[in-house]
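Since the structure comes first, as structure tokens, the remarks are kept for the end.
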Amino acid sequence: MCGIVGYIGYREAWPIVLKGLKRLEYRGYDSAGIALMNNSGQHIYKKAGKVAVLEEFAETQDKSGTIGMGHTRWATHGVPSDRNSHPHTSNNEKLSIIHNGIIENYATLKEELTNRGHDFKSDTDTEVLIHLIEEIQKIEQIDLLEAVRLALHEVNGAYAIVIMDKEHPDRLIAARKGSPMVIGVGKGEYFIASDATPIIEYTKNVIYLKDGEIALITREDLLIKQLDNVVQTPLIQELELKLEMLEKGGFDHFMLKEIYEQPRSIKDCMRGRIYPEEGKVQLGGIKEFAEKLKNIDRIIIVACGTSWHAGLVGEYLIEEYARIPVEVEYASEFRYRNPIITEKDVVIAISQSGETADTMAAIEMAKERGATIFGICNVAGASIPRLTHAGVYTHAGPEIGVASTKAFTAQVTVLTLMAFYMAQQKGTITTSKLIELLTELDHIPEKIQIALESNDLIKEVAEKIKDSTNCLFLGRGSGFPVALEGALKLKEISYIHAEGYPAAEMKHGPIALIDEEMPVVFIATQNSSYEKVISNIQEVKARKGKVIAIVTQGDTEVKKMADYCIEIPDANEAFLPLIATIPLQLLSYHIAVMRGCNVDQPRNLAKSVTVE
Ligand code: F6R
């Protein structure tokens, strides 16, 4: 949450920082600000609203300078407003700061600083930190780097910060703990950002700043220290990201592009991992734990939001094929309980961003209690892959639309592969069965392509239900997590209230909601619960609900009852979630567009939830 960008070098900083903020806007977009330094001093421009509002506001201002930093905000402390926007300045206005994260003990620090005569101009925790740094520097009479280091010892919470000093227009100071930060290394220039997307067009060489590290960055040099003052040798890595991955490529929205990318992203996810002719799955990332997997007692999956839904699909698959008991937990609940975890447990943490604060805290707790931790992440080099013992990347490519689409299906693909891999290790599946399943899995991308071809029909359905105020999504078995995911997509981007439910649970409560105004979306494909779902559809029709059904190609039964049917290709039940999710993503997308919503940046949300 919150995106930060910094630049120091020989080029004009404004366009680099501004473009970087646009790339990072998915992390938060309620206000934005940029600070620059040039011969006439320090200039700070900040505005509530999107980066475009800031751009317009600063159009006629002095934007020269080869050192600068910018911030796009997702509000935690203080409403989105001009004065709460970053950068914030110290009491003497010589220092300025941008910050991603939360300073938990800000209230106590603020009180102490107020007693010492500090005046605060905003309601933010961030402003308290820069005042604290100024105060420490003043009292101790030390260099700014040292003052920042000492101040960071006094704060609790998470941060990625960049600091500019009016008196030293030749350096930036950056630090991180719990929030991500990448430093791009150029010739005579450095870039700083929350992720690599603002950096990629200038350099492929990056350093991922580690937790508890602080950096002093000048045009020519970079010094990295740990907070305990030990100097570090930076590890420069090469980015694999490509610029075209960050563009809309002719689509109206990133979300639509990402929905259409799924046949490709799932192929990428499976590449080199499945061998259908031999009936074999290879997962290099967890290979060293292959033996351990034969004897584990239990798997606990921890995740949030859409990733949690993927976890529910994983539960179904792992229990079905590997016969290992699975529990799926919201990371935010799990970490605050006192769960029973043993050394024989494997915890699988699922996260697109690899930065979700609750998921990270859940991992840390399970690790302390001796569990083996696997990660399923999309963003390479993020914090979660570093925290885990082993893991499997989803390789879905950058997901920029805030609502997760291709990352979800890639997570489900990895979980499918893990289920088969564990089954293979434990001997709970025969090679001939694996040959059959993997051969079909190999062709799932083509089936997804066919599912995408229903787009025009889905648009027509969207037109019919776009003005609804509520919507129910019902499914059974692995269709249930699909229903949950369909409901989440609809509510988060169209702001229509939607609930996902196991179809059979409807009669225990939600059935009371059904009337002629209520659209009910059923996952009604021909699998083991088909007959039961048909009964549930009848129950809805008997109460005059509007039924939209996702059905298997060629279905005739459901067609007799449903108001609208969207066909998807037939597939083994194990692969149903990968295909049935597609029409639900498109349905939410079209409804949101028709309602005039900002599909890629829905209100109040951010792509990477780095606050608890
Ligand atoms: C919904 C969505 C969120 C995320 C959740 C976890 O479309 O994207 O629910 O799934 O915030 O994020 P990650 O997967 O990055 O840990």
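Along the sequence shown, residues carry numbers from 1. Note that ligands are numbered from 1 as they come in the structure, with each ligand's atoms numbered from 1 the same way.
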Contacts of type side chain to side chain donor-acceptor pair (under 3.5 Å), residue Lys177, not counting sequence neighbours: none
Residues that Glu399 engages under side chain to side chain donor-acceptor pair (under 3.5 Å), provided they are two or more places apart: Ser404, Lys607
Going by atom type alone, with no hydrogens or angles, which donor-acceptor pairs under 3.5 Å involve a side-chain atom of residues 585-595 and a protein atom two or more places apart or on another chain?
unit_1 : atom_1 : unit_2 : atom_2 : d
Gln585 : OE1    : Gln262 : NE2    : 2.7
Gln585 : NE2    : Gln262 : OE1    : 3.4
Ser588 : OG     : Leu490 : N      : 3.3
Ser588 : OG     : Leu584 : O      : 3.1
Tyr589 : OH     : His253 : ND1    : 2.7
His590 : NE2    : Asn455 : OD1    : 2.6
Arg595 : NE     : Ser494 : O      : 3.0
Arg595 : NH1    : Lys466 : O      : 2.7

Sole residue of Gln411, Glu485, Lys489 in side chain to side chain donor-acceptor pair (under 3.5 Å) with His309: Glu485
Amino acids in close contact with ligand 1, where any non-hydrogen atom sits under 4.0 angstrom away: Cys304, Gly305, Thr306, Ser307, Ser351, Gln352, Ser353, Thr356, Val402, Ala403, Ser404, Leu488, Lys489, Glu492, Val609
Polar side chain donor-acceptor pair, Ser383 to Arg176, under 3.5 angstrom: yes
Steps toward ring-ring contact (aromatic ring centres under 6.0 Å, His included) verdict (Phe254, Tyr26): CA-CA 11 Å; Phe254 280 110; Tyr26 72 88; 9.4 Å; no
